[in-house]
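Just below is one structure, and these are the notes that go with it.
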Amino acid sequence: MRAQLARVDAVLVQALIAAALSFAHLHDVASAAGQDGWKAWAYPVSVDLLLVAAWRRLRAGEAKAAGWCWFVIALTASLGANVATAGLLDLDQVPAWLRILVAGWPAVAFLGGTLLVHSSPAPHEDTEDVHDREDAPDPAPELPTRPAPEPTPTPPAISVPAALVEHARKVAAEHHTRTGTAIDTPTLRARLGVPAPMAEAIVAQL
């Protein structure tokens with residue numbers, strides 16, 4: 001655990017030293033190009049922020065082309081300042097093209113930072129979800145349900161007067177004496193002159 005912390009501390013110290021040197025070189029170039037006061041200190045901040053924004057976009061795995069493009073631009077600005085202050089450029093006689101680059105850098109940094117931070121990647125679907133939807137069976141169409149048949153209404157019970165039943169017995173007995181057979185419903189109905197339902201009710205009571 002201590003060895004790991006020592007390695008991390010060494011890397012952190014090295015990164016801080018490199019950042020401080022690069023920061024100072026960018027400040028010196030901006031100051032030599034006519035950006036004095038707080039403006040000279042703002043230039044290295046804008047370069048470092050653009051580097052961080054581009055690196056975060058690369059780490060996120062989104063819009064790698066744009067991330068690499070702005071990362072290279074910011075890295076070129078940082079390396080250019082380091083090389084320029086290494087004695088290859090006379091900071092007392094800064095050429096016009098360098099002054100133009102330094103003056104135009106804020107607009108470039110603003111554009112790059114805005115595109116990297118506020119641009120959203122195109123939405124994409126998970127491949128597994130697409131396969132799951134393709135493999136899912138189609139829903140079966142619902143079959144129309146047939147309405148249940150209505151129950152057949154039960155006919156109301158027919159009330160037959162007792163006198164009519166007694167008269168029907170006499171008619172049936174007379175018919176049996178004359179023919180030797182039991183009287184049937186149509187014959188009884190004809191003899192009594194009653195409707196068919198009532199004749200059936202009378203026969204049921206005989």
Side-chain angles (χ1 to χ4, degrees), residues 1-140:
M1 186 66 180
R2 293 181 179 179
Q4 184 178 1
L5 290 177
R7 289 196 297 270
V8 172
D9 292 342
V11 172
L12 180 60
V13 171
Q14 183 180 7
L16 290 176
I17 294 174
L21 291 175
S22 179
F23 194 92
H25 293 160
L26 285 166
H27 168 267
D28 293 345
V29 171
S31 179
Q35 307 296 326
D36 54 353
W38 67 269
K39 293 181 290 184
W41 293 106
Y43 274 84
V45 174
S46 67
V47 173
D48 291 343
L49 289 180
L50 185 59
L51 276 172
V52 172
W55 178 247
R56 287 176 61 88
R57 178 55 61 93
L58 292 175
R59 289 287 302 272
E62 302 167 352
K64 287 190 174 182
W68 276 114
C69 176
W70 290 107
F71 184 82
V72 170
I73 291 175
L75 186 62
T76 301
S78 179
L79 290 176
N82 295 336
V83 174
T85 55
L88 300 180
L89 180 67
D90 186 2
L91 296 181
D92 294 330
Q93 299 292 331
V94 177
W97 62 267
L98 182 57
R99 293 179 180 273
I100 294 174
L101 288 179
V102 172
W105 172 255
V108 175
F110 176 78
L111 176 62
T114 302
L115 293 177
L116 289 172
V117 174
H118 295 288
S119 62
S120 57
H124 62 280
E125 293 183 339
D126 192 356
T127 306
E128 294 182 359
D129 293 341
V130 174
H131 290 329
D132 292 342
R133 289 197 296 270
E134 291 178 352
D135 297 337
D138 296 331

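Interatomic distance, CD1 of Ile73 versus CG of Leu111, reported as 8.5 Å (0.5 Å rounding).
For the side chain to side chain contact (heavy atoms under 4.5 Å, CB included) test, residues two or more places apart in sequence or in another chain that qualify with Pro95 are Leu89, Trp97, Leu98.
Residue Arg56 qualifies as open at atom CZ: its count of foreign heavy atoms under 6.0 Å is 12 or below.
Checking side-chain atoms of Arg57 against main-chain N and O of Gly67 turns up no donor-acceptor pair under 3.5 Å.
Between Trp105 and Leu26, the closest side-chain pair of non-hydrogen atoms is not below 4.5 Å. Side-chain contact between Val108 and Trp70 is present, with at least one heavy-atom pair separated by less than 4.5 Å.
Nearest heavy atom pair, residue Ser46 against residue Tyr43, reads OG-O, 2.7 Å. Across all non-hydrogen atoms, the minimal contact from Gln35 to Ala40 is O-CB, 3.0 Å. When every heavy atom of Leu75 is checked against every heavy atom of Leu51, the shortest pair comes out as N-CD2, 3.7 Å.
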